[in-house]
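Both counts, for ligands and for their atoms, begin at 1 and track the order of listing.
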Amino acid sequence: MSIKSNLQNIKSQLPELVTLVAVSKTKPISDLMEAYNAGQRIFGENKIQEMAEKWEKMPKDIQWHMIGHVQRNKVKYMSEFVNLIHGVDSLKLLKEINKQAEKHGRIIDCLFQIKIAEEDSKFGLSEEDVKKITASDEFSELENIKIIGLMGMATFTDNMLQVKDEFKYLKSVFDNLKTQKLKNCQLEIISMGMSGDYKLAIECGSNMIRVGSSIFGARNYN
Ligand SMILES: *Cc1c(COP(=O)(O)O)cnc(C)c1O
């Protein structure tokens, strides 16, 4: 199957309000251009330098999403152009994003990453952490960032019941936080679901899915 037909196949099954992020990490620009020429405009990467290189070389109407764990010292390499940072998991990181966004006169949209998996290897905040961060004076002073939703990664398992519980949990955290008037927050996006579980994620309330291998084929990390 070609990248174009993979994309069309996935898109034809998506409800209208679900946004597809094409996860293009490790893939060559020729593959991304194939998706671009098929109409895809949102791409997700998990390494800042790789994303910056692709941004430099590719058409400027692409929206770039950082979906991976963000190191503070690298924020500066994406602050000029990144459209959405999915993996925000600390106030320290937000302060750095704010500082770099200010240099470019921008407001950078961010998602709080919530820990929904049982694996220790996955990053993320608890609902309490989010409440603490958003209630702090330091947070309310950040004028160049905006929190527009939440992101989560389910446990890597074949047990779809567990994955479903984790997705439902993220949706409930989202619904709870949405009822609170949090500063600098306008919660609209629930980013959850990847190639293996995006249909389930949508059933559980996702409106932004991050799909890589089902579009571009398996990744080769060598
Ligand atoms: C790689 C990655 C994806 C896409 O995974 P696939 O299984 O290839 O669809 C989604 N989200 C994050 C955070 C990723 O790192």
| request: Please confirm whether Gly212 comes within less than 3.5 Å of ligand 1 when only nitrogen or oxygen atoms on both sides are compared. | output: yes

| message | Below 3.5 Å, N or O to N or O, backbone or side chain included: is there any such pair between Arg210 and ligand 1? | response | yes

| remark: Taking only non-hydrogen atoms of Val211 and a 4.0 Å limit, the atoms of ligand 1 in range are 9 (O)

| task | Check ligand 1 against Met153 and write out every atom of the ligand that is under 4.0 Å from a heavy-atom position of the residue. | result | 13 (C)

Will you find, in the side chains of [X] and [Y], an N or O donor that is under 3.5 Å from an N or O acceptor?
X: Glu166; Y: Thr155; result: yes
X: Arg210; Y: Ser191; result: yes
X: Lys11; Y: Gln8; result: no
X: Asp129; Y: Ser126; result: yes
X: Asp61; Y: Tyr36; result: yes

| message | Yes or no: does Arg219 have any heavy atom under 4.0 Å from an atom of ligand 1? | response | yes

| field | Check ion pair Glu50-Lys54 (N to O, under 4.0 angstrom) | value | yes

What is the nearest protein non-hydrogen atom to [atom], stated with its residue, atom name and distance?
atom: atom 14 (C) of ligand 1; answer: Lys25 NZ, 3.0 Å
atom: atom 10 (C) of ligand 1; answer: Met194 SD, 3.3 Å
atom: atom 9 (O) of ligand 1; answer: Ser195 OG, 2.5 Å
atom: atom 12 (C) of ligand 1; answer: Ile67 CD1, 3.5 Å

| request: Kindly assign one of parallel, tilted or perpendicular to the pair Phe81 and Trp64, based on the angle between their ring planes and the thresholds 30° and 60°. | output: perpendicular

